[in-house]
**Q** 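Before anything else, here's the structure in question.
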Amino acid sequence: MNYWLLKTEPNAFSLDDLKEAGVEPWDGIRNYQARNIMRDEMSVGDKVFIYHSRIQPVGIVGEGRVASESYTDPTQFDPSEKYHDAKSDPANPRWSLVDIEYVATYPQVLLLTDLKKMPELDGMVLTRKGSRLSIQPVTEQQWNFIQTLVAGS
DNA sequence: GCCAACGTTGGC
DNA sequence: GCCAACGTTGGC
């Protein structure tokens, strides 16, 4: 069992959208590090925090789980798609994705500004300055600690 | 909307 | 294979 954090811009796709969809292909990831995590490291059943970026309040808003093995992201081959990648070879696709299933909406947003103040989360990728990775690892300790913040309030 | 930090591209 | 220029991310 591994733990991850997925960033999303609620303008484009929010936790509520995921709740409504139930399961959603996490497409449009065009960063090699993030792709490698989905393609090589994620397994069905892994737990993920859903994080809203850009729009206030910025923070962790809920939880999902990995619902499929990785497969080719079809949007890379569709010229009408925002995430079309003309340089991706269909015989050797560049970009992969996994399906993400909705699990829960937390009763309150766990604000980035608060998370940054917590010594237990020192070294978390999310709280690192300049970290832009949209799919990032969360340790079991970090996951469990953040769960206590949800349960305790 | 600004801009620092980061990732990618492409000329050499 | 270096690195400047460019584009993007994302907190503020």
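Throughout, a chain's letter reflects where its sequence line sits, starting with A, and its residues are numbered from 1.
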**Q** Would you mind telling me which residue lines up with the more 5' stretch of DNA chain B, A/Asn31 or A/Lys87, judged by nearest nucleotide?
**A**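 Its nucleotide being nearer the 5' end, the pick is A/Asn31.
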**Q** Indicate for each nucleotide in nucleotides 2-12 of chain C, in 5' to 3' sequence, whether protein heavy atoms under 4.0 Å reach the base (B), only the sugar-phosphate (S), or nothing (-).
**A** -----BBBBBB
**Q** Here's a test of your reading of the structure: between A/Gly130 and A/Arg94, which maps to the more 5' nucleotide of DNA chain B?
**A** A/Gly130
**Q** Apply salt bridge (charged side-chain N to carboxylate O under 4.0 Å, His left out) to A/Arg54 and list each qualifying residue two or more places apart in sequence or on a separate chain.
**A** none
**Q** If I compare all heavy atoms of A/Leu133 with all of A/Ile135, which pair ends up nearest, and what's the gap?
**A**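 Distance-wise, the nearest heavy atoms are CG-O, 3.2 Å.
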**Q** Going by distance alone, is a donor N or O of one side chain under 3.5 Å from an acceptor N or O of the other, for A/Tyr106 and A/Glu63?
**A** yes
**Q** Locate the shortest heavy-atom distance separating A/Gln136 from A/Ile37; write the atom from each residue and the value.
**A** CA-CD1, 4.3 Å
**Q** Indicate yes or no: does A/Arg94 engage A/Asp85 in a salt bridge with an N to O separation below 4.0 Å.
**A** yes
